[in-house]
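What follows is a short report on a single structure.
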Amino acid sequence: MYTQAMDTMREEGGQPALRTAEEAALQQRFDNRIDAGDFIEAKDWMPDNYRKTLLRQISQHAHSEIVGMLPEGNWITRAPTLKRKAILLAKVQDEGGHGLYLYAAAETLGQSRDQMLDSLHSGKAKYSSIFNYPTLTWADVGTIGWLVDGAAIMNQVPICRCSYAPYARAMIRICREESFHQRQGYDSLLAMMQNGTEAQKAMVQDAVNRWWWPCLMMFGPPDDQSPNSAQGMRWGIKRVSNDTLRQKFVDATVQQAQVLGVSLPDPDLRWNEATQHWDFGTIDWSEFWRVVGGEGPCNRERLAMRVAAWEEGEWVREAALAHSRKQARKEKAA
Amino acid sequence: MSTENEWPLWEVFVRTKAGLDHKHCGSLHAADARMAVQMARDVYTRRQEGSSVWVVRSDQIVASDPGDKDMLFDPAEDKVYRHPTFYKLPDSVDQM
């Protein structure tokens, strides 16, 4: 999920002037490879800005997976049945795994895992805006699976063709696993809508009402306000524009909502015969920027939990390292 | 920020089923070899993707330099006679 990095980064000044003829030749060769649809590997020459942009996007993507464990992890002990608990545990474990694949991909660009975590913990690095919303009821867990993971899949499938091969490989693995996440969420909501009490059905509708607009924001600002998109497209990091993905998500979701028996909280949502797409209402971008800027409902809580987990785990990390050093010394002596 | 206390990096290779090669599938951090195997199982084989894993310290892998790619691998390009399709045989024996 969660590739808002390109939209939330500040401009860091223009491309520095190339210094030497040799560098210009390398740049030319790189551009040709991108144009030919070639993949770039970790040890290949790449422009500094390409490296920096990717590092930011992949690490923030990784942070999103890890922080994304929190809203749902909140419900593991309170899942209504053993079946739902086992499913939720598996899903949250997957998110942790996805974070690890992505950290490993980001490390190939030359930044250590600890540096990336430090950026997250100090608030310098961002993660997806969506995880700063609270999970108030059990229906939120199913809704996250259906809508949040659904939006994530829409967003992530094109990254499987990213020009940076380690990222593309990680994304292929993630997308293979993500489909279960969306289906289990929908299945859980369906159980409530078809067999639940009136109160449970109302709970599902309430969850959908709260998550719908934040999910549309996950795709990032409109194309005409997304200044870094063009460069991302040029480099083959971004393949499909924010608005195109958002429209695709809305088109796919409307029918799913009908089958589920819930309404989507948008009075302007209607089928457009001319465009063959669903038109939808105006997104409140001031909310998006507020949440990205740290003023969402749960920003402080999420970050505080990550920092606490890191600090409270420090003695474990140190003890494991001390143990392995001791074993290595013993082996040497023997 | 120092990386001195970071657990070392390991490359993970997974054999999907008996009879096949171990294939590189990613990397992870672990304090020692035993922990690396355990974590490789959790991170890379949550859905029966493997029946065996290898882990190797990343700093122990020696790789060819991408800059040497042409020198190392291009010379084979014009040796088409190394492939069976180079030889045109009569139809009656072409199954050979």
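Just so you know, these numbers use all the heavy atoms, side chains as well, and skip hydrogens, waters and symmetry mates. To find a chain, count down the sequence lines: A is the first, B the second, and so on, and within it residues start at 1.
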Practice task
May I ask you to name which of B:M35, B:R46, B:E49 has the most heavy-atom pairs under 4.5 Å with chain A?
Solution key: B:R46

Completion exercise
Closest non-hydrogen contact found for A:R29 with B:D70 is NH2-OD2, 4.4 Å

Handout entry: Test item: B:S27 side-chain N/O and A:A104 main-chain N/O as donor-acceptor pair under 3.5 Å
Key = no

Problem - Interface moiety of A:Q93 toward chain B, non-hydrogen atoms closer than 4.5 Å - result: both

Completion exercise
Residues A:D114 and B:E6: closest non-hydrogen pair is N-OE2, 2.5 Å

Exercise for the section: Apply side-chain contact (heavy atoms from CB on, under 4.5 Å) to the pair A:L321 and B:N5, showing each step before the final yes or no. Expected result: CA-CA 8 Å; A:L321 207 54; B:N5 286 320; 4.0 Å; yes

Practice task
Under the side-chain contact (heavy atoms from CB on, under 4.5 Å) rule, what do B:R47 and A:D94 come out as? Steps first, then yes or no, please.
Solution key: CA-CA 10 Å; B:R47 290 178 176 78; A:D94 270 358; 2.4 Å; yes

Handout entry: Per-residue contact mode, B:R34 against chain A (heavy atom under 4.5 angstrom)
Key = neither

Exercise for the section: State whether the number of non-hydrogen atoms from other residues, nucleotides or ligands found under 6.0 Å of B:D68 atom CG is greater than 12. Expected result: yes

Practice task
Could you walk me through whether B:K69 and A:D44 pass the salt bridge (charged side-chain N to carboxylate O under 4.0 Å, His left out) test, one step at a time?
Solution key: CA-CA 11 Å; B:K69 183 170 151 280; A:D44 295 346; over 6 Å; no

Practice task
Taking A:Y101 for its side chain and B:V43 for its backbone only, find out whether a donor-acceptor pair lies under 3.5 Å.
Solution key: yes

Practice task
Assess whether atom NZ of B:K79 is packed by more than 12 heavy atoms of other residues, nucleotides or ligands within 6.0 Å.
Solution key: yes

Problem - Student check: side-chain heavy atoms of B:W7 and A:R113 closer than 4.5 Å - result: no

Problem - Crowding at CZ, B:R57 (>12 non-hydrogen neighbours, <6.0 Å) - result: yes

Practice task
Please indicate whether B:D78 has more than 12 foreign heavy atoms, meaning atoms of other residues, nucleotides or ligands, lying under 6.0 Å from its CG.
Solution key: yes

Exercise for the section: Could you tell me which portion of A:Q327 (side chain, backbone, both or neither) has an atom closer than 4.5 angstrom to a non-hydrogen atom of chain B? Expected result: neither

Exercise for the section: Name the region of A:R169, side chain, backbone, both or neither, that has any atom closer than 4.5 Å to a heavy atom of chain B. Expected result: neither

Completion exercise
Per-residue tally against chain B (heavy atom, under 4.5 Å) across A:R173, A:K43, A:E41, A:E318 peaks at A:R173

